[in-house]
Amino acid sequence: MTRHLDLPALVHIIGPRFAEGAAERDATDTFVDAHYDVLKEHKVFSALVPKELGGGGVTHRTMCAFLRELAHYCSSTALALSMHQHLVAAAAYNHRNGRPGQKLLERVAASEVVLISTGAADWMESNGSVERAEGGFRVSARKPFASGSPRGGVLVTSAPYEDPKEGWQVLHFPVPFSAEGVSLADDWRTLGMRATGSQTVILDKVLVPEESVVLRRPRGRFHPAWNVILTVAMPLIMSVYTGVAEAAAAIAREQAAKRRDDPSVPYLLGELTNELTTAQLATDDMVRLADDLNFSMGLDVTDAILVRKTIAATHVIATVEKALEAAGGAGFYRRLGLERLLRDAHGAQFHPLPAKRQQRFTGRVALGLDPIADG
């Protein structure tokens with residue numbers, strides 16, 4: 001039987017349920033655990049896996065739209081889910097282009113296993129310590145911002161290793177959450193996106209078999225693998241934040257309509273629309289550049305993605321701040337929901353790359369330099 005997954009319809013079925021209790025979860029830093037059961041039931045975690053490998057076969061564009069709409073109901077669920085989906089998307093791109101990825105995709109399709117990423121915090125240098133061990137390596141590290149980690153099945157991470165012959169490298173590898181030495185710190189106490197379960201993952205002398213290492217790259221230098229990761233990830237992630245901005249704008253317009261005789265209101269709504277449209281245009285163009293995983297990996301595409309990410313993040317935050325102004329005093333009350341969306345929106349600036357690092361990256365590319373390292 002052919003599997004059919006209608007994400008555009010599904011989001012409006014499960015979304016209202018996910019919206020229930022959002023304020024309480026935010027106030028108590030409670031992970032959206034029950035939502036993961038629903039997503040697994042509907043096989044959303046394997047939605048991006050190609051059909052021939054047992055998945056839903058939905059497009060990258062469709063998943064971006066799903067996450068954007070889901071953020072209208074529960075931004076924490078959408079953001080945590082986007083972290084899993086970008087790992088699946090990268091594996092799908094690699095598989096499509098003759099590189100390793102099939103094994104991971106088949107595992108996700110078979111059991112809806114949740115993938116947890118630590119790439120943003122690790123970036124070029126990574127962190128932790130690696131020692132040689134029989135059959136592989138012993139890895140110790142603390143990996144923060146691991147969204148969805150309370151329900152994690154496989155950690156997709158990295159660590160620095162000083163090879164006796166080749167010098168400093170970064171090893172990339174998966175680690176089952178069931179492996180001995182893996183634990184979570186109860187440390188997710190944040191400004192926004194409080195229900196994402198983005199605890200720090202602690203690795204204490206975890207054995208990583210030699211054959212589990214999927215990539216070795218020079219430490220501190222840009223590697224072509226990032227051309228895949230950033231190009232598939234940023235449209236998914238920023239779709240979530242664009243959904244946050246859209247949700248805030250809807251609240252603001254509803255509140256502003258109650259003050260239609262105030263001569264400042266049309267100006268505020270005009271400004272709001274401009275800010276939101278700029279964020280939407282930047283995010284839509286990121287989705288276009290990813291081209292449903294048909295893009296040709298290269299620094300030009302990656303740079304364009306990162307430029308648009310900064311534009312989207314800047315205007316997402318500006319949209320929600322303008323929404324608060326347009327809503328008037330009512331927006332200052334937590335019960336309206338704008339305050340939570342404003343805090344959630346500020347998370348956009350911390351995803352790769354933060355604005356100043358992106359600007360340096362882009363400037364170095366324009367000069368024909370390595371985007372990261374001198375020398």
Would you sort out whether Asp187 and Gln199 count as a side chain to side chain contact (heavy atoms under 4.5 Å, CB included), showing the intermediate values?
CA-CA 6 Å; Asp187 63 350; Gln199 279 95 323; 3.9 Å; yes
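- A 4.5 Å side-chain heavy-atom check between Lys205 and Glu131 finds every atom pair outside the cut-off.
- In this structure, Val244 and Ser75 approach most closely via the heavy-atom pair CG2-CB, 3.5 Å.
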As a quick check of understanding, evaluate salt bridge (charged side-chain N to carboxylate O under 4.0 Å, His left out) for Arg17 and Glu20, giving each step before the final call.
CA-CA 6 Å; Arg17 295 163 56 186; Glu20 295 173 3; over 6 Å; no
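- Sorted by first then second residue, the ring-ring contact (aromatic ring centres under 6.0 Å, His included) pairs that include residues 81-119, not counting sequence neighbours, are Phe45-His84, Tyr93-Phe295.
- The pair Asp26-Arg334 does not meet the salt-bridge criterion, since no charged nitrogen lies less than 4.0 angstrom from a carboxylate oxygen.
- Between the side chains of Ser158 and His172, no donor-acceptor pair is found at a separation under 3.5 Å.
- Taking 4.5 Å as the limit, some side-chain heavy atom of Val182 sits within range of a side-chain heavy atom of Val201.
- Between Glu210 and Arg132 there is a salt bridge, since a side-chain N of the basic residue sits under 4.0 Å from a carboxylate O of the acidic one.
- Between Arg221 and Asp370, at least one side-chain N (NZ, or NE/NH1/NH2) sits under 4.0 Å from a carboxylate O, which counts as a salt bridge.
- Using a 4.0 Å cut-off between a side-chain N of Lys or Arg and a carboxylate O of Asp or Glu, Arg288 and Asp285 qualify as a salt bridge.
- No donor-acceptor pair under 3.5 Å is formed between the side chain of Glu106 and the backbone N or O of Lys103.
- Annotation for Ser147 and Met83: closest pair CB-CG, 3.7 Å, computed over non-hydrogen atoms.
- A donor-acceptor pair under 3.5 Å is absent between the side-chain atoms of Lys143 and the main chain of Leu203, judged by distance alone.
- Taking the charged nitrogens against the carboxylate oxygens, Arg364 and Asp303 have no contact shorter than 4.0 Å, which rules out a salt bridge.
- Residues Ser198 and Ser149 come closest through the heavy atom pair C-OG, 4.4 Å.
- Residues Asp33 and Arg151 meet the side-chain proximity criterion, which asks for heavy atoms closer than 4.5 Å.
- Using a 4.5 Å heavy-atom threshold, the side chains of Thr200 and Leu184 count as separate.
- With rounding to the nearest 0.5 angstrom, the CG atom of Leu268 is 12.5 Å from the CZ atom of Arg253.
- Between the side chain of Arg142 and the backbone N or O of Gly128, no donor-acceptor pair lies under 3.5 Å.
- Side-chain contact of Gln169 with Glu162: a donor-acceptor pair under 3.5 Å is absent, judged by distance alone.
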Report all side-chain donor-acceptor pairs from residues 224-239 shorter than 3.5 Å, counting only partners two or more places apart or in another chain.
unit_1, atom_1, unit_2, atom_2, d
Asn227, OD1, Thr302, OG1, 2.6
Thr231, OG1, Asn227, O, 2.6
Ser239, OG, Pro235, O, 2.6

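- For the residue pair Glu24 / Thr28, no side-chain donor-acceptor distance below 3.5 Å is found, with atom types taken as modelled.
- Remark: Lys322 does not engage Glu275 in a salt bridge, criterion side-chain N to carboxylate O under 4.0 Å.
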With side chain to side chain contact (heavy atoms under 4.5 Å, CB included) as the test, would you mind laying out the steps for Phe18 and Leu39 before giving the verdict?
CA-CA 11 Å; Phe18 287 6; Leu39 294 168; 4.1 Å; yes
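- Side-chain contact of Ser76 with Thr196: a donor-acceptor pair under 3.5 Å is absent, judged by distance alone.
- Residues Phe173 and Phe137 keep their aromatic ring centres 6.0 Å or farther apart.
- Salt bridge Asp344/Arg194: absent, no basic N to carboxylate O contact under 4.0 Å.
- Side chains of Ser46 and Glu112: a donor on one and an acceptor on the other come within 3.5 Å.
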